[in-house]
Amino acid sequence: MTLKTRIIPCLDVKDGRVVKGVNFVDLVDAGDPVEAAKAYDAAGADELCFLDITASHEDRGILFDIVSRTAQACFMPLTVGGGVRTVEDIRRLLLAGADKASIMTAAVHRREFVREAAEKFGAQCIVVAIDAKQVSPERWEVFTHGGRIATGIDAVAYAREVASLGAGEILLTSMDRDGARTGFDLELTRRVADAVSIPVVASGGVGTLDHLVEGVSEGHASAVLAASIFHFGTYTIPQAKAHMAAAGLKMRLA
Amino acid sequence: MTRTLAIVDYGSGNLHSAAKAFERAAAESGRATTIRVTGDPGEVRRADRIVLPGVGAFADCRRGLDAVPGMVEALEEAVRGGQRPFLGICVGMQLLATRGLEHVVTPGLGWIPGDVALIEPDDAGLKIPHMGWNTLEARRGHALLDGVETGPHGLHAYFVHSYALTPERPEDVLAVTDHGGALTAMVARGNVAGTQFHPEKSQALGLRLIANFLDWSP
């Protein structure tokens, strides 16, 4: 009996639709997040992540409906992030059926928010998302606004800080690798994972199944998050699991 | 006759997805059961089966439960007095303990004597919370585990917790999992049972266990 490495497909949702769609056979509406969630549930994904990239705050109500319909159709854990700024935002997401809320910019601006959220809802449902970029050979900094704005904060020290404030998990994205398909930033991932006692989810850069393996074996991540390789049908979840299991990782095989 | 199952609502998170999982298990297994999410002690007292969910911190959940007038008394009456089948989930299971030691010492319901304490894995490299999918090792046979494949090659359950219940009586432990040492995954004594993992998030294993609970006559 061992805790298994998790594979987490992440869906970018804008105005209630999956951005760019999900390329699965048999999917009636590739742009419907609930349909995509059901397909990943059936495929054996270990968790699912929705990242809401809706620009205007007024339009974010649609997301709660999507989360609610997903939670009623899929009996798997669901993390939702994007624009989570207040304790009330988290409460609404959890009430809609999310299992974890992912906070990013709001935690950068006000660290105490992490503590308040963890005390209110429990560490287990508070994920702190960190977007990091390498700025020198030995230093990675926290960035916001999709990697455009530098904060001057050291990513490893920040990870340690949010963990001590009560975060239950860190979702770590390398902005250098995001979309590049050249693999995770393993050095960054390992430094963060080794610095904290909470699980770290590696994100950003997956192009092959070997990249998923490396994220765990070399990056020391507890879970791997990927988007395009699954959405575009390059690989299926069962293929990814089989590959990681063959490489010696403990996986939950269907 | 249609039976009723009450999922106790005391402000601890979203219960609609849990209710959906129970509804689906009931429909798929042909067990006509009305699933009610309720904060009404009267309804809990009348229900044929009772589920106590719980997410968050032990003390918060206890406070939430106490904040519903008459709820603890209704549970005592239905479960302890009326011997109705009861399932606690996650912190809902932990609340069965004598005490919770999370942040502060908080009294539990005391139905499964024991303490709820921080998980201390024997391997310092292991992460806390124990978050994700793990298998179960059954300590004995039980109706709730009928058709649920256990052992290292068995089905997986979804866990997310930093604290674990250690019952005083080893026989109260129905199943364990492993995370740097054995952790209580399920407890059962008489008509009282609990799962540390979330059956409503545990896909195949969860739906089977829920169906078993709907069938269970302790």
Side-chain angles (χ1 to χ4, degrees), chain A residues 1-8 41-42 44-48 67-78 91-100 118-127 163 166-170 193-194 196-201 220-223 250-254, chain B residues 12-21 23-25 54-58 60-61 90-91 102-103 121 124-137 150-156 158-163 176-180 182-183 185 198-204 206-207 210:
Chain A
M1 289 176 294
T2 321
L3 195 62
K4 306 306 185 291
T5 298
R6 287 169 283 152
I7 295 184
I8 309 174
D41 189 21
D46 296 308
E47 288 186 26
L48 191 65
V67 169
S68 161
R69 285 191 292 128
T70 301
Q72 296 189 4
C74 300
F75 303 118
M76 69 188 303
L78 176 64
R91 186 196 312 280
R92 284 186 71 192
L93 284 176
L94 298 178
L95 284 176
D99 296 285
K100 302 185 228 176
E119 282 178 0
K120 191 85 203 158
F121 306 108
Q124 82 293 333
C125 64
I126 304 302
V127 179
E169 186 168 67
I170 286 172
D194 289 353
V196 297
S197 61
I198 57 176
V200 171
V201 181
H220 301 172
S222 299
K250 305 287 187 196
M251 305 301 298
R252 179 179 70 113
L253 301 171
Chain B
S12 173
N14 166 56
L15 303 178
H16 295 286
S17 53
K20 284 288 166 189
E23 280 166 11
R24 180 158 136 188
V55 294
F58 189 101
D60 278 348
C61 286
C90 196
V91 181
E102 184 172 0
H103 308 308
L126 289 175
K127 302 289 190 174
I128 301 292
H130 174 230
M131 184 186 285
W133 298 87
N134 210 332
T135 47
L136 308 177
E137 184 189 302
T150 56
H153 302 292
L155 294 173
H156 287 80
Y158 186 79
F159 290 86
V160 52
H161 62 126
S162 302
Y163 290 78
V176 295
T177 188
D178 183 87
H179 190 61
L183 297 177
H198 288 268
E200 77 281 16
K201 296 286 168 189
S202 294
Q203 295 175 336
L207 290 172
I210 292 169

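Everything numeric in this text was worked out from a predicted model, so none of it was measured. First the proteins, then the strands, lettered A, B, ... as listed; each starts at 1.
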Enquirer: Distance check, rounded to the nearest 0.5 Å: B/Lys20 atom NZ versus A/Arg69 atom CZ?
Expert: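 Atom-to-atom, B/Lys20:NZ and A/Arg69:CZ are 12.5 Å apart.
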
Enquirer: Holding to side-chain contact (heavy atoms from CB on, under 4.5 Å), I want the full list of residues that pass it with A/Leu78, two or more places apart in sequence or in another chain.
Expert: A/Leu48, A/Phe50, A/Val67, A/Thr70, A/Val80, A/Asp99

Enquirer: If we define contacts as heavy-atom pairs under 4.5 Å, which of A/Pro199, A/Ala123, A/Ala73 has the most with chain B?
Expert: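 Option with the greatest count: A/Pro199.
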
Enquirer: Rounded at 0.5 Å granularity, tell me how far OH in B/Tyr158 sits from CZ in A/Arg6.
Expert: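 Output value for this atom pair is 5.5 Å.
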
Enquirer: Which heavy atom of B/Asp60 sits nearest a heavy atom of A/Lys120, and at what distance?
Expert: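 Nearest pair, atom of B/Asp60 first, then A/Lys120: OD2-O, 3.9 Å.
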
Enquirer: Would you find a donor on one side and an acceptor on the other, under 3.5 Å apart, between the side chain of B/Lys127 and the backbone of A/Ala193?
Expert: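 A pair under 3.5 Å: yes.
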
Enquirer: Grab the two heavy atoms, one from A/Thr2 and one from B/Thr135, that are nearest each other, plus how far apart they are.
Expert: N-OG1, 4.5 Å

Enquirer: Taking every heavy-atom pair that is under 4.5 Å apart, which of A/Gly168, A/Gly122, A/Ser68 has the most such pairs with chain B?
Expert: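 Max contact count across the listed options: A/Gly168.
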
Enquirer: With rounding to the nearest 0.5 angstrom, report the CD to CG distance, B/Gln203 to A/Asp46.
Expert: 8.0 Å

Enquirer: Among B/Leu126, B/Val160, B/Val91, which residue has the highest count of heavy-atom pairs closer than 4.5 Å to chain A?
Expert: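 The answer is B/Val160.
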
Enquirer: Which heavy atom of A/Leu3 sits nearest to which heavy atom of B/Asn134, and what is that distance?
Expert: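 Between these two residues, the closest heavy atoms are N-ND2, 3.4 Å.
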
Enquirer: Mind checking the CE-NE2 spacing from A/Met251 to B/His156? Nearest 0.5 Å is all I need.
Expert: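 Here the interatomic distance stands at 9.5 Å.
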
Enquirer: In terms of heavy-atom proximity below 4.5 Å to chain A, should B/Leu155 be classed as side chain, backbone, both, or neither?
Expert: neither

Enquirer: State the CE-CD distance between B/Met131 and A/Gln124, to the nearest 0.5 angstrom.
Expert: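 Answer for the CE-CD pair, B/Met131 versus A/Gln124, is 7.5 Å.
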
